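Reading through the structure tokens given below for one structure.
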Amino acid sequence: MEFITLVAGSFTKLLDPLVLAYVVAGFIIGTIFSAIPGLTATLALALLLPLTYSLDVTIALMACASIYMAGMCGGSITATTINIPGAPSSMMTALDGYPLQKQGKGALALGHAAIGSMAGGALGAMLLIGLAPVIAEASLLVQTTGKFSLLAFAVIVIVIAQRGKMIKAAMAACIGLMLATIGLDAMEPVTRFTFGFGNLTAGIDLMPVIIGTFAVSEILTQAGAAKESRQTTEAISKIKIRRRDFIPPLASIRKIGIVCYVKSALIGYSVGTLPGAGGSMGSFLAYVETVRTSSNPESFGKGNPKGIAASESANNAVCGGALVPMLTFGIPGDPITAIMLGVLVINGIQPGPQLMAGQADLIAPVLASLLFSAVILIPLTLFLLGPYFIKIVSIRKDVLYGAIALLAVVGSYVATYSTFQMMMTLVLGVLAYYMRKHDFPVITMLLGFILGPNLEEFLRRSLALSNGNPMTFFTSLDSLFFVVLTLVFVYFLAIKKPLRKPVGAAQST
């Protein structure tokens, strides 16, 4: 209770014009970077990290928190307007956001995304404030075998969610897993599948895969459908957008239901407490759970606001969850919290179990900034700048996608400083384009690539610890929990209540 009171008192720091300016500027920068494919909030934070040397550590951490929250919600802008998620955590938002945009309801889609982001971010921040010590201890109970079973659960659910095309989904996931094995072995100092190319020794970076899968393939797809795209653009451009259009009707919010917001936020927060899980896994699990419990699952992937609400509530709640292991044990939950950990270390602050108690006055303003960004800045930014977000579709396609292509390629180079990785962006973009053309769900390839390294590492570590006995995955309680959870999802998604149509991943993502 004392810590909660301290956080409440920390809101007074935002009355300082200088502190407020840094927090607002951080949020705007995070939104812009996360909205532009290739320029993620992680990159924004990395580029701005040198500036933290000249700032007070409290102000620096508060600005980092606002960038973090903006990075989760900002990706929904381009995911909705042009079907290119600006951040991996917004992949599932594109499934229903872009169909609404094509129906002339882009403002409504962004409004639902903002409400979901606000609800998930606020609930995640409040859970962080109230339950951080307890959740941190619980996350440590998930050992090596449990982490493998969690990741295996995610891969299996990714495949079975593509009802009607599970074989193609499995093949796409395998392609992603195979791409993840290129480079140095995770356990031994040997290279694999480099085929004599020294540039592949370090493997393929995540950024070229994300940019190639979404930005480059989308550009090629749009180039092949120029006439249809032009008709869609003309239709949407004729629609007059007012700021009040971004406020969803109360009936629509009631239809989504508070249960959807809360359940998705809890899923995102729980996933966030597991190091390395990230917003993409949280939003995916929340989306699949929403489809599973829906009375009309076929409507998802065609413009169902409930899918947007579930995805955005979960990925913004991840912010609160990911800070738990970072603050209490010095274990970053994702790349952004890893950079925030660097800010602490640079200033001589060692995260650990005693940080929340011994230096609570330092951490409390950070949590206040996180909550302020979720409750105030997310809706305010959309209300003030929303019409300009929608106007992106009225830009000439050759100019828009030419600029996106340039930013995507430059972004892939800036993220890796490697010309070879930049070329890999183009190669993977062409691969994703042909996969989409033949109805392969490329989202499963991307998630397979993201989960692949940790999946392999935890599998091999688990088998090494058990002397090669696979029964270790059924004798460890944490692993057994996720094995049972996998069976439950298989039963509900593929046996009891099968979807008659896939969740539109191939069409919308």
Side-chain angles (χ1 to χ4, degrees), residues 34-40 75-99 101-102 158 162 165 168-169 171-180 204-230 232-233 280 284 301 392-393 397-413 415-416 421-450 502-509:
S34 61
I36 298 175
L39 303 181
T40 62
S76 64
I77 296 171
T78 45
T80 298
T81 55
I82 56 176
N83 198 30
I84 302 178
S89 58
S90 297
M91 290 185 295
M92 308 310 295
T93 304
L95 294 180
D96 289 287
Y98 187 62
Q101 168 75 349
K102 293 199 294 184
I158 288 167
Q162 307 298 327
K165 56 175 70 175
K168 289 186 176 181
M171 293 174 64
C174 287
I175 291 174
L177 292 171
M178 288 190 293
L179 290 173
I204 301 175
D205 193 78
L206 174 60
M207 196 57 65
V209 179
I210 294 174
I211 297 174
T213 300
F214 287 111
V216 177
S217 68
E218 181 66 23
I219 291 168
L220 295 175
T221 301
Q222 293 291 341
K227 183 178 180 180
E228 178 184 351
S229 176
R230 186 164 52 251
T232 302
T233 298
S280 56
F284 173 79
I392 195 172
V393 301
K397 290 300 180 183
D398 53 351
V399 175
L400 175 62
Y401 285 101
I404 290 175
L406 178 62
L407 289 172
V409 173
V410 171
S412 64
Y413 178 78
T416 60
Q421 296 287 355
M422 184 174 67
M423 296 302 297
M424 287 302 301
T425 302
L426 303 179
V427 172
L428 293 170
V430 173
L431 172 64
Y433 166 72
Y434 279 103
M435 290 179 66
R436 291 175 63 172
K437 190 174 182 180
H438 293 88
D439 208 22
F440 282 81
V442 295
I443 190 172
T444 59
M445 180 189 75
L446 178 60
L447 291 173
F449 181 85
I450 292 174
V503 188
Q507 293 84 359
S508 302
T509 303

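All values reported here derive from a predicted model rather than from experimental measurement.
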Worked check of side-chain contact (heavy atoms from CB on, under 4.5 Å) between Leu220 and Val430: CA-CA 8 Å; Leu220 295 175; Val430 173; 4.2 Å; yes

Whether Gln421 side chain and Pro208 backbone form a donor-acceptor pair below 3.5 Å: no

Donor-acceptor contact present, side-chain Lys168 to main-chain His438, <3.5 Å: yes

Sub-4.5 Å side-chain heavy-atom contact between Leu179 and Val209: no

Stepwise side-chain contact (heavy atoms from CB on, under 4.5 Å) test for Leu177 and Met445: CA-CA 8 Å; Leu177 292 171; Met445 180 189 75; over 6 Å; no

Distance in Å, Ile175 CD1 paired with Leu431 CG, rounded so as to fall on 0.5 Å steps: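 So the gap between those two atoms works out to 6.0 Å.
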
For [X] and [Y], work out which heavy atoms get closest and say how close.
X      : Y      : result
Pro441 : Ala172 : O-CB, 3.6 Å
Tyr433 : Ser217 : N-CB, 3.7 Å
Thr213 : Arg436 : O-NH1, 4.4 Å

Candidate pair Ile204 and Phe449, rule side-chain contact (heavy atoms from CB on, under 4.5 Å), full reasoning: CA-CA 10 Å; Ile204 301 175; Phe449 181 85; 4.3 Å; yes

Which residues share a side chain to side chain donor-acceptor pair (under 3.5 Å) with Thr444, sequence neighbours left out: none

